[in-house]
**Q** 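Got a structure for you, questions after.
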Amino acid sequence: MKQDELIQKIKQLAKERDALLIAHNYQRDEVQEIADITGDSLALSIEAAKTDKQVIVFCGVHFMAESAAILAPEKTVLLPRTDAGCPMADMVTAEGLRELKQQHPDATVVTYVNSSAAVKAESDICCTSSNAISVARSLDAKKLLLVPDRNLGRYIAKHVPEKECICWEGYCPTHDRLQPEAILKTRAEHPDALFMAHPECTPEILELADHICSTSGMYEYAAKSPAQKFIVGTENGILWRLRKENPDKEFIMPSNCLICPNMKLTGLKDILSCLENMEPRVTVDEETRVRAKTSLDRMLAVPRD
Ligand code: 13P
Ligand code: SF4
């Protein structure tokens, strides 16, 4: 089937199924192009919960679709590829977290949304890359367990020196690969460029950044900044919208390692197939869902900076 035909079929079927197509900022260009909404992981889950549509086709990775299913249990949440997981989310289990909690019974658990529903259910509050510092500052606790991303954890710890922070040793294989040498080399080649970095990058990379933010934060920063050139410290799927929204600006990838294989799994054929079959569906058992939702709701109640 030709791409145009595929796109027409998806649009027609999405209408018949009353489905909303949402895509994370790292998805393939053609997937972002066909989506009703693109955004960061949190924004997409909130949109999924808000929409009147009954079916959500979540083009992203498993934990994102799961967050949508936690927030909107009455909706049918479809993940076009069941094998689209997040290796960082898989680096912590509910059992492992329970063990750490036993060692630190006085600590508050702050869990990045890149985690399973079972881990969220064991946590006190969630955070995302866009609100992690506000969430940490909002807590009375003196001691925090920051799960599962050690890089986001260290970034939070640096900004809340008044709290003792214990970081889980998880990481994003895509962001963790980025080396400071690649940034220094790209900076030398483009001395007029600003470097924006995702907090999943290592502390050495974040030290070099002009701006640290979530994927959606990068769209805002690039649009508002008077600079003409940007070095992009996150997954390369972000380029599609950055370039579309800022046609007069230049966006440079410092390395060709910034590709998340899981984010690139979903193609147009997978979207059509999931709309035809109304599966694979993502669900969360009710007991886990209710506890995980409490952690997400606490986060959503924290005022944004
Ligand atoms: P955002 O929440 O910034 O979209 O990031 C999600 C993610 O998986 C980054 O690797
Ligand atoms: Fe997970 Fe990293 Fe891929 Fe994001 S980029 S989904 S954190 S592996």
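Ligands are counted one by one from 1 in listed order, and the atoms in each one are counted from 1 as well. Everything quoted here is computed from the prediction, not taken from an experiment. Just so you know, these numbers use all the heavy atoms, side chains as well, and skip hydrogens, waters and symmetry mates.
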**Q** Do ligand 1 and Asp40 have nitrogen or oxygen atoms that lie under 3.5 Å from each other?
**A** no
**Q** I'd like to know if atom 2 (Fe) of ligand 2 has an N/O/S atom from Cys172 within less than 2.8 Å of it, counting both backbone and side-chain atoms.
**A** yes
**Q** When Tyr26 is tested against each of Thr234, Thr215, Asn262 for side-chain hydrogen bond (donor to acceptor under 3.5 Å, both in side chains), which residue passes?
**A** Thr234
**Q** Quick check: does His24 get an N/O under 3.5 Å from an N/O on ligand 1?
**A** yes
**Q** Is ligand 1 less than 4.0 angstrom away from at least one heavy atom of Glu235?
**A** no
**Q** Pick one of side chain, backbone, both or neither for how Val113 approaches ligand 1, counting any non-hydrogen atom pair under 4.0 Å.
**A** neither
**Q** Give a yes/no verdict on whether any heavy atom in Asn262 is under 4.0 Å from an atom of ligand 2.
**A** no
**Q** Just do the side chain to side chain donor-acceptor pair (under 3.5 Å) check on Tyr171 and Thr202 with the steps written out, would you?
**A** CA-CA 9 Å; Tyr171 58 92; Thr202 62; over 6 Å; no
**Q** Using 2.8 Å as a strict upper limit, say whether an N, O or S atom of Cys260 approaches atom 1 (Fe) of ligand 2 that closely.
**A** no
**Q** Geometry only, no angles: is Asn25 polar-contacting ligand 1 at N/O separations under 3.5 Å?
**A** no
**Q** Have a look at His62, His198, Glu235, Glu200 and point out the one with the heavy atom closest to atom 7 (S) of ligand 2.
**A** Glu200
**Q** Check this for me - ligand 1, Ser214, N or O atoms closer than 3.5 angstrom, yes or no?
**A** no
